[in-house]
There are 2 protein chains.
Amino acid sequence: MDEKGISKAVINRLPRYYRFLGNLLDQKVERISSGELSSIMHVTASQIRQDFNHFGGFGQQGYGYNVKYLYEEIGKILGLDQTYTMIIVGAGRLGQAIANYVRFEKRGFQVAAVFDQSPALIGTPTVHGLAVQDVSTLAEYLSTHHVDIAALTLPTKGALEVAPVLAEAKVRGIWNFAHTELELPPEIVVQSVHLSESLMQLSYKINH
Amino acid sequence: MDEKGISKAVINRLPRYYRFLGNLLDQKVERISSGELSSIMHVTASQIRQDFNHFGGFGQQGYGYNVKYLYEEIGKILGLDQTYTMIIVGAGRLGQAIANYVRFEKRGFQVAAVFDQSPALIGTPTVHGLAVQDVSTLAEYLSTHHVDIAALTLPTKGALEVAPVLAEAKVRGIWNFAHTELELPPEIVVQSVHLSESLMQLSYKINH
DNA sequence: TAGATTGTTAATCGATTAACAATC
DNA sequence: TAGATTGTTAATCGATTAACAATC
């Protein structure tokens with residue numbers, strides 16, 4: 001299990017492998033060869049074998065890969081065998097969508113609190129009876145509660161204000177939906193989802 | 001303007017350039033060199049010059065790049081000088097977020113209709129008075145209205161059912177938020193946003 | 001003109017694909 | 001054992017960086 005120095009390209013492919021393997025599991029497929037997986041996923045068999053080998057041999061010569069085992073191993077590499085406490089900062093439609101989404105889709109990510117700045121939203125129950133808290137009380141909340149991940153579903157200005165508060169509290173990761181880069185100490189992981197950039201890429205492809 | 005054969009890596013970077021240049025414009029910056037842009041964006045100056053040159057010389061030796069001109073040219077390359085008619089299929093929280101988002105954030109993308117399958121949502125006014133229509137009437141709608149882009153903000157099963165209807169109507173692009181690949185004729189562009197994969201990547205990074 | 005900075009070629013680096021020996 | 005398929009090395013391809021001549 002030499003997981004050091006795995007290239008970013010490989011990591012980015014892991015969730016897709018995980019999704020396809022999950023589908024195969026649902027279809028009760030027990031084993032699969034790199035060649036079969038290759039034709040389902042439209043990538044080369046060579047890449048599949050190369051990718052899996054970065055983490056040590058998951059397969060068996062002459063047999064292929066055990067779907068359940070491979071699925072679970074990739075889940076472990078991705079850290080999906082653990083649980084994470086998550087807060088949502090920004091209780092607008094996107095924040096609500098993410099809160100619900102994470103709750104239903106993924107077991108390991110537990111939404112513990114939702115914050116917003118708008119008086120109109122504060123106190124409103126959103127998901128599963130979680131009341132929206134005032135974002136001005138965020139620092140206080142963080143001083144008494146452990147939080148692994150904060151999802152930032154609020155406008156740029158708010159995100160820039162909130163980022164240092166989260167850094168101070170040593171949150172482990174930030175899932176950033178705001179249209180801005182966040183300047184944070186290197187130990188805090190930032191994963192950004194720039195929806196406008198995705199839409200621009202779609203726009204480009206439509207025209208070329 | 002030789003826009004043929006531009007690598008995917010370059011295209012994926014264009015929206016980010018566009019965002020930074022937009023910020024610079026807001027700050028009334030008139031000109032910028034690849035060196036300055038390099039230090040702001042944390043990429044090499046060499047890459048910046050290489051990227052821009054794929055589309056023909058935007059700059060001037062000894063001077064740098066004119067921010068406004070460069071911003072507009074990249075906008076054109078991305079197709080942001082045009083308008084697009086868009087529909088949202090799936091009127092849950094994510095669909096509502098996207099509908100609002102696209103309306104407010106980006107001028108060129110006009111939301112013309114919103115569809116859902118749930119009786120509880122149909123008829124409900126969502127954004128700017130757009131009533132949610134029954135997804136079973138989608139084919140009919142498409143036969144009488146021009147649609148450039150469809151955003152799929154509904155579960156996998158629904159997305160797979162709706163995709164061929166959209167293909168039949170020759171929608172130009174699909175912005176896919178469902179956790180699945182869509183099998184479509186090659187002339188239909190698919191841009192997927194897999195939120196769960198993004199969250200898994202965050203999870204990985206937290207642990208490594 | 002001199003200084004600055006691009007445009008562009010060449011060198012390096014990294015990622016993907018091909019090939020095949022190892023082995024189940 | 002023979003056939004299948006991995007694990008892994010070598011070859012290819014593509015993308016990034018470095019260097020510098022062109023030129024504003």
Side-chain angles (χ1 to χ4, degrees), chain A residues 1-17 20-21 24 29-74 77 201 204 208, chain B residues 1-17 20-21 24 29-74 77 201 204 208:
Chain A
M1 285 280 175
D2 172 23
E3 298 192 18
K4 292 288 158 239
I6 308 295
S7 85
K8 204 169 169 295
V10 176
I11 301 309
N12 289 162
R13 282 194 289 268
L14 288 183
R16 186 159 182 267
Y17 287 128
F20 275 90
L21 289 166
L24 288 168
V29 176
E30 277 180 22
R31 54 166 286 239
I32 193 150
S33 68
S34 58
E36 292 169 291
L37 196 53
S38 155
S39 69
I40 297 172
M41 293 185 66
H42 305 296
V43 295
T44 64
S46 200
Q47 181 167 78
I48 290 171
R49 293 202 299 278
Q50 194 76 274
D51 282 354
F52 291 169
N53 254 85
H54 280 114
F55 306 96
F58 290 156
Q60 196 172 63
Q61 280 103 329
Y63 173 86
Y65 300 87
N66 178 285
V67 175
K68 185 152 183 287
Y69 175 70
L70 187 55
Y71 177 79
E72 283 169 359
E73 288 302 310
I74 292 178
I77 292 165
Q201 282 158 17
Y204 176 87
H208 293 88
Chain B
M1 286 279 175
D2 172 23
E3 297 190 20
K4 290 290 158 240
I6 307 295
S7 85
K8 205 169 167 297
V10 177
I11 301 309
N12 288 163
R13 282 194 290 267
L14 288 184
R16 187 160 181 267
Y17 287 127
F20 276 89
L21 289 167
L24 288 169
V29 176
E30 276 181 23
R31 54 166 285 236
I32 194 152
S33 68
S34 59
E36 292 169 290
L37 197 53
S38 155
S39 71
I40 297 173
M41 294 186 65
H42 305 294
V43 296
T44 64
S46 200
Q47 180 168 79
I48 290 172
R49 292 202 298 277
Q50 195 74 273
D51 282 355
F52 292 170
N53 254 87
H54 280 114
F55 305 97
F58 290 156
Q60 194 172 63
Q61 280 102 329
Y63 173 86
Y65 300 87
N66 178 286
V67 174
K68 185 152 182 287
Y69 175 72
L70 187 55
Y71 177 78
E72 283 169 0
E73 287 303 309
I74 292 178
I77 293 165
Q201 283 159 17
Y204 175 87
H208 292 89

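Numbered from 1 within each chain, the chains take letters A, B, ... in sequence-line order. Just so it is clear, the values below take in all heavy atoms, side chains as well, and ignore hydrogens, waters and symmetry mates. All figures in this text were calculated on a predicted structure; none of them were measured in a lab.
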Could you name each residue pair satisfying salt bridge (charged side-chain N to carboxylate O under 4.0 Å, His left out) that touches residues 53-62 of chain B, not counting sequence neighbours?
none
Which of residues 40-50 of chain B have a heavy atom under 4.0 Å from DNA chain D?
B:Thr44, B:Ser46, B:Gln47, B:Arg49, B:Gln50
Partners meeting ring-ring contact (aromatic ring centres under 6.0 Å, His included) with B:Tyr17 (sequence neighbours left out):
B:Phe52
Less than 3.5 Å apart, which donor and acceptor atoms pair up between the side chains of residues 55-68 of chain A and the rest of the protein, not counting sequence neighbours?
unit_1: A:Asn66; atom_1: OD1; unit_2: A:Lys68; atom_2: N; d: 3.1
unit_1: A:Asn66; atom_1: OD1; unit_2: A:Tyr69; atom_2: N; d: 2.9
unit_1: A:Lys68; atom_1: NZ; unit_2: A:Glu72; atom_2: OE2; d: 3.3

Using a heavy-atom cut-off of under 4.0 Å over every strand shown, decide if A:Phe52 touches base, sugar-phosphate, or nothing.
nothing
Which string of ( ) [ ] | and . matches DNA chain D, if you list each base 5' to 3' and count Watson-Crick or G-U pairs only when both distances are under 3.5 Å?
..||||||||||||||||||||||
Can you tell me how far CD of B:Gln201 sits from CG of A:Asn12, rounded to the nearest 0.5 angstrom?
4.5 Å
Any residue meeting salt bridge (Lys or Arg N to Asp or Glu O under 4.0 Å) with B:Arg31, in chain and number order, not counting sequence neighbours:
none
Which pairs, with at least one residue in residues 35-48 of chain A and sequence neighbours excluded, count as a side-chain hydrogen bond (donor to acceptor under 3.5 Å, both in side chains)?
A:Ser33-A:Glu36
Among all residues two or more places apart in sequence or in another chain, which pass the side-chain contact (heavy atoms from CB on, under 4.5 Å) test with A:Asn53?
none
Does any pair with a residue in residues 47-58 of chain B pass salt bridge (charged side-chain N to carboxylate O under 4.0 Å, His left out), and if so which ones, sequence neighbours excluded?
B:Arg13-B:Asp51
Contacted region of DNA chain C by chain A, from 5' end to 3' end of the hits, cut-off under 4.0 Å to heavy atoms, spans C:dA15 to C:dC24
Map A:Gly62 and B:Gly57 onto DNA chain C by nearest heavy atom, then report which one ends up closer to the 5' terminus.
B:Gly57
Side-chain contact, heavy-atom cut-off 4.5 Å: B:Ile32 with B:Ile40?
yes
Can you sort out the partners of B:Gln50 under side-chain hydrogen bond (donor to acceptor under 3.5 Å, both in side chains), two or more places apart, ordered by chain and number?
none
